[in-house]
Amino acid sequence: MTPIPFQNSYARLPDRFFARTDPTPAPAPRLVALNRPLAADLGIDPDLLASPDGAAILAGARVPDGAEPLAAAYAGHQFGSFVPQLGDGRAILLGEVVDREGRRRDIQLKGSGPTPFSRRGDGRAALGPVLREYLVSEAMHALGIPTTRSLAAALTGEAVVRETMLPGAVLTRVAASHIRVGTFQYFAARGDQEGVRTLADHVVARHYPHLAAGENPYLALLRAVVEAQAELIARWLQVGFVHGVMNTDNCSVAGETIDYGPCAFLDAYDPAAVFSSIDAGGRYAYGNQPRIVQWNLARLAETLLPLIAPDADAAVALATEALDAFAPRFTPAYRGGMRRKLGLTTEREGDDALADSLLRLLAENEGDFTLAFRGLADAAEGRPEPVRSRFIDPTAFDGWAPAWLARLDGEPGGRAGAAAGMRAVNPAFIPRNHRIEAVIRAAVEDDDFGPFHALHRVLQDPFGEQPEHAAYRDPPALDERVTRTFCGT
Ligand code: AMP
Ligand code: MG
């Protein structure tokens, strides 16, 4: 059997960074989803993972050669309140591999049993949240957005106790790393400056190696994370993604989207949209995401202050400057993305107002965010109906469109060029909540994974027309609307 080519680095860090913990053997491993192309990218033989041995590994029943299973320590602000010790309570890092492109990547099991960080939790995951994370993370990847990936989903053969008994499952997650803002907070909160420094050096070497030789690598690290997060959040907004739990422990220092819990994509455009059942105050609402990620980044900055400069005031001044780099990075990323969504490749005064007024009209008319933008390509080709029909009052679009069409006429590629450009950035297919819920119902209640695989296939090509799958574009009917999602922990 070709082994998994582990090359672990996190396990070489000091013992206080983690607790070595094996997954709990699953009684009856059964693979329900395997990401073969990702396995190949990682240099892992997909046929190995598809074999009974592979299923055992992916359900946590067998520790593969070369793995050094561990649960990582981290802290975090959850909804603004600091918890000095969270850690991997239901996740176990098997190890790292270096992929075909030379990138180091974590392979982690999520839901494979308790760890020393489990607190009152059972360390398990139910099938529903596992399928949800698999679908949404892979959809985000297909949309071109930095994200953790899903290598596999496996049933354990054990039931987990939630409100009801549910099938237990394990998600195999792949990430540039699982190091979070909360990992830095863990050491800082203990006054463990040496820990913060060791972690920072590891993160620089692993994610931002070009910064290592600079004059102040720790300040440069802060700035790099600020920039990565600014770019990431701009991308989220452009596809209508709401993360739902942007706690500092769910904020990756590598700039990937991580921890898909009560996340959702907007149907109707609403900047105040909240899906998470536990986000009563709307802290993590769609439109609040740029603000809240800056709050998280400020918490990262605090942990790095002593490394940034020996003098406290000087350190604060430098860190503040690095944090202030968020807006100059976010705004052009967001604005540029919105221009491309409108079919604009050049930049003119008035473009931002054009985008903002369309969004305002969409909000007023409860227009579907994804389909309205997708329909703009048709409108540019003289067929306004697909986008008009998204508005409660279609004349709202009629009032907006002439200025936009005139603007397209000033583009080098004209309306036709703009239409092609828009179809390449405005997806037709997103993982809509009601579809995900239906897929989960079929899997959990009927052991039918057909709908899961069908939805997954469609989401692999979000920008394609896929006329045979047109129904997957549709927003939920009134009685299909899902307004609340749950963490499923
Ligand atoms: P999350 O909501 O996934 O960001 O998790 C927040 C914290 O709760 C992390 O420390 C998790 O490891 C922990 N946690 C979540 N679910 C469970 C569970 N079922 N058992 C043990 N710990 C959990
Ligand atoms: Mg988390």
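Atoms within each ligand, like the ligands themselves, are counted from 1 in listed order. Numbering starts at 1 and runs along the sequence shown.
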Could you tell me whether a side-chain N or O of His469 sits under 3.5 Å from a main-chain N or O of Leu459, the two making a donor and an acceptor?
-> no
Where's the contact between Asp259 and ligand 1, heavy-atom distance under 4.0 Å: side chain, backbone, both or neither?
-> side chain
Report the part of Tyr74 in contact with ligand 1, treating N, CA, C, O as backbone and CB onward as side chain, heavy atoms under 4.0 Å; options are side chain, backbone, both, neither.
-> side chain
For ligand 1, the portion of Arg124 having any non-hydrogen atom under 4.0 Å away = backbone
Between Val245 and ligand 1, which part of the residue brings a heavy atom under 4.0 Å of the ligand: side chain, backbone, both or neither?
-> neither
Between Arg173 and His178, does a side-chain hydrogen bond (donor to acceptor under 3.5 Å, both in side chains) hold up when you go through it step by step?
-> CA-CA 10 Å; Arg173 179 159 74 172; His178 286 85; 3.1 Å; yes
Any idea which N/O/S atom from Asp259 gets closest to the Mg ion (ligand 2)?
-> OD2
Should the proximity of Asn250 to ligand 1, defined as any heavy atom under 4.0 Å, be assigned to the side chain, the backbone, both, or neither?
-> side chain
Closest contact, heavy atoms only, Arg132 versus Ile440 = CB-CD1, 4.2 Å
Taking atom types as modelled and ignoring hydrogens, do the side chains of Tyr260 and Asn250 form a donor-acceptor contact shorter than 3.5 angstrom?
-> no
Give a yes/no answer: is there an N/O/S atom of Asn247 under 2.8 Å from the Mg ion (ligand 2)?
-> no
In plain terms, say whether Arg473 and Asp368 are close enough for a salt bridge, that is, a side-chain N and a carboxylate O under 4.0 Å apart.
-> no
Check whether NZ of the Lys or CZ of the Arg Arg299 lies under 6.0 Å from the centre of the six-membered ring of Trp295 and within 45 degrees of that ring's axis.
-> yes
Closest by any non-hydrogen atom to atom 2 (O) of ligand 1: pick that one out of Arg90, Gln85, Gln78.
-> Arg90
Under 6.0 Å from the six-membered ring centre of Tyr186 and within 45° of its axis: does the NZ or CZ of Arg190 meet both?
-> yes
Distance filter under 4.0 Å to Arg162 heavy atoms, resulting ligand 1 atoms | 19 (N)
